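For reference, the structure discussed in these notes is given below.
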Amino acid sequence: MHLLQSLRRLSDVVNQVAIVTCVACVLFMLGISFTAFLYKLATGSTLSWTYSLARLFLPWIGFLSMTISLRYGEHVAMTLLVRSLPRALLKVAAGLCLAVIALFALMLVWYGWVFFEGASQVYMVSDQIQISGKVTAIVVPISGVIILLHLVQGFDLLEHFIDDETVIEELIDANDMEERS
């Protein structure tokens with residue numbers, strides 16, 4: 001049990017690092033774009049490297065934000081199906097959901113690592129700036145590992161389904177009581 005608690009704390013720390021990394025990537029993108037905007041205003045010409053450099057942050061933002069949203073239970077869900085299930089099947093559906101997430105994460109790690117190893121292209125941001133494709137490819141297996149780590153949170157990743165259902169049932173009951181009064 002101590003190992004599970006340690007892994008859960010590690011999951012929380014990794015999630016905070018992912019949040020900071022995403023924010024930094026967004027700020028770098030905005031900074032690069034703002035630099036290009038100011039340069040265009042000041043000189044009337046454009047910098048050739050700003051767009052190419054800024055878009056290299058997109059895979060990092062996309063993949064890491066996926067892990068963050070999973071950690072907070074904000075992933076896509078089939079809410080209507082979940083809400084129509086009896087309580088006993090709800091746990092089975094939640095378990096299946098976690099298994100599918102684990103399978104997806106394993107595929108991200110496995111195929112993402114193959115993708116990373118095979119990434120031999122070099123992005124020509126400008127004549128002076130060349131960035132290896134490995135810089136963007138590594139985020140695929142990293143996000144898979146983070147998702148696998150977040151799975152130690154268990155049903156807490158899916159907790160909002162149960163809470164939403166309870167809140168909705170309470171609202172329906174409250175509305176029924178008001179109509180009867």
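Model, not experiment: these values are computed from the prediction.
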Is it true that a side-chain atom of T46 and a backbone atom of S48 form a donor plus acceptor pair closer than 3.5 Å? no
So does F28 have more than 12 non-hydrogen atoms from other groups sitting under 6.0 Å from CZ? no
To the nearest 0.5 Å, how far apart are CD1 in I101 and CG in L106? 12.0 Å
Where I147 and L70 come nearest, the two heavy atoms and their spacing: CG2-CD2, 3.5 Å
For a quick test of reading the model, state the closest non-hydrogen atom pair linking T67 to A18 and the distance between them. OG1-CB, 4.2 Å
Evaluate Q121 against Y123 for side-chain contact (heavy atoms from CB on, under 4.5 Å), listing each step before the verdict. CA-CA 7 Å; Q121 71 273 20; Y123 296 116; 3.6 Å; yes
Rounded to the nearest 0.5 Å, what separates atom CG in L149 from atom CZ in R71? 9.5 Å
Quick check: do L151 and L98 have side-chain heavy atoms less than 4.5 Å from each other? yes
Contact between V135 and L56 at the side-chain level, heavy atoms closer than 4.5 Å - yes or no? no
Nearest heavy-atom contact between A119 and A137 is CB-CB, 3.9 Å
Run the numbers on I142 and W113 for side-chain contact (heavy atoms from CB on, under 4.5 Å), then give the verdict. CA-CA 9 Å; I142 287 174; W113 187 255; over 6 Å; no
Distance check, rounded to the nearest 0.5 Å: I32 atom CD1 versus M29 atom CE? 8.0 Å
Just by modelled atom types, is the V140 backbone N or O under 3.5 Å from a matching donor or acceptor in the S143 side chain? yes
Calculate, to the nearest 0.5 Å, the distance between atoms CZ and CG belonging to F34 and L41 respectively. 8.5 Å
Once rounded to the nearest 0.5 Å, what's the spacing between atom CD1 of I68 and atom CD1 of I61? 10.5 Å
Taking a hydrophobic cluster as the set of Ile, Leu, Val, Met, Phe, Trp and Tyr residues connected by side-chain heavy atoms closer than 4.5 Å, whether directly or through intermediates, do V145 and L4 fall within one such cluster? yes
Is it the case that the side chain of K134 and the backbone of S120 share a donor-acceptor pair, with hydrogens and angles ignored and the cut-off at 3.5 Å? no
Is the shortest heavy-atom distance from the side chain of L108 to the side chain of F63 under 4.5 Å? yes
N/O donor-acceptor pair under 3.5 Å between S11 side chain and L7 backbone: no
Under 4.5 Å between any side-chain heavy atoms of I131 and L53, yes or no? yes
Please lay out, stage by stage, how T21 and V17 fare under the test side-chain contact (heavy atoms from CB on, under 4.5 Å). CA-CA 6 Å; T21 304; V17 170; 4.0 Å; yes
Taking atom CG of D12 and atom NE2 of H150, what is their separation to the nearest 0.5 Å? 8.0 Å
Shortest non-hydrogen contact from M66 to S69? O-OG, 2.9 Å
Is the ring centre of W60 less than 6.0 Å from the ring centre of F57? no
For residues 20-47, the salt bridge (Lys or Arg N to Asp or Glu O under 4.0 Å) pairs (sequence neighbours left out) are none
Residue pair L47 / A36: nearest heavy atoms and the distance that separates them: CD1-CA, 4.5 Å
Would you confirm whether R8, through its side chain, and V152, through its main-chain N or O, come within 3.5 Å as a donor-acceptor pair? yes
Between S33 and Y51, is there a side-chain heavy-atom distance shorter than 4.5 Å? no
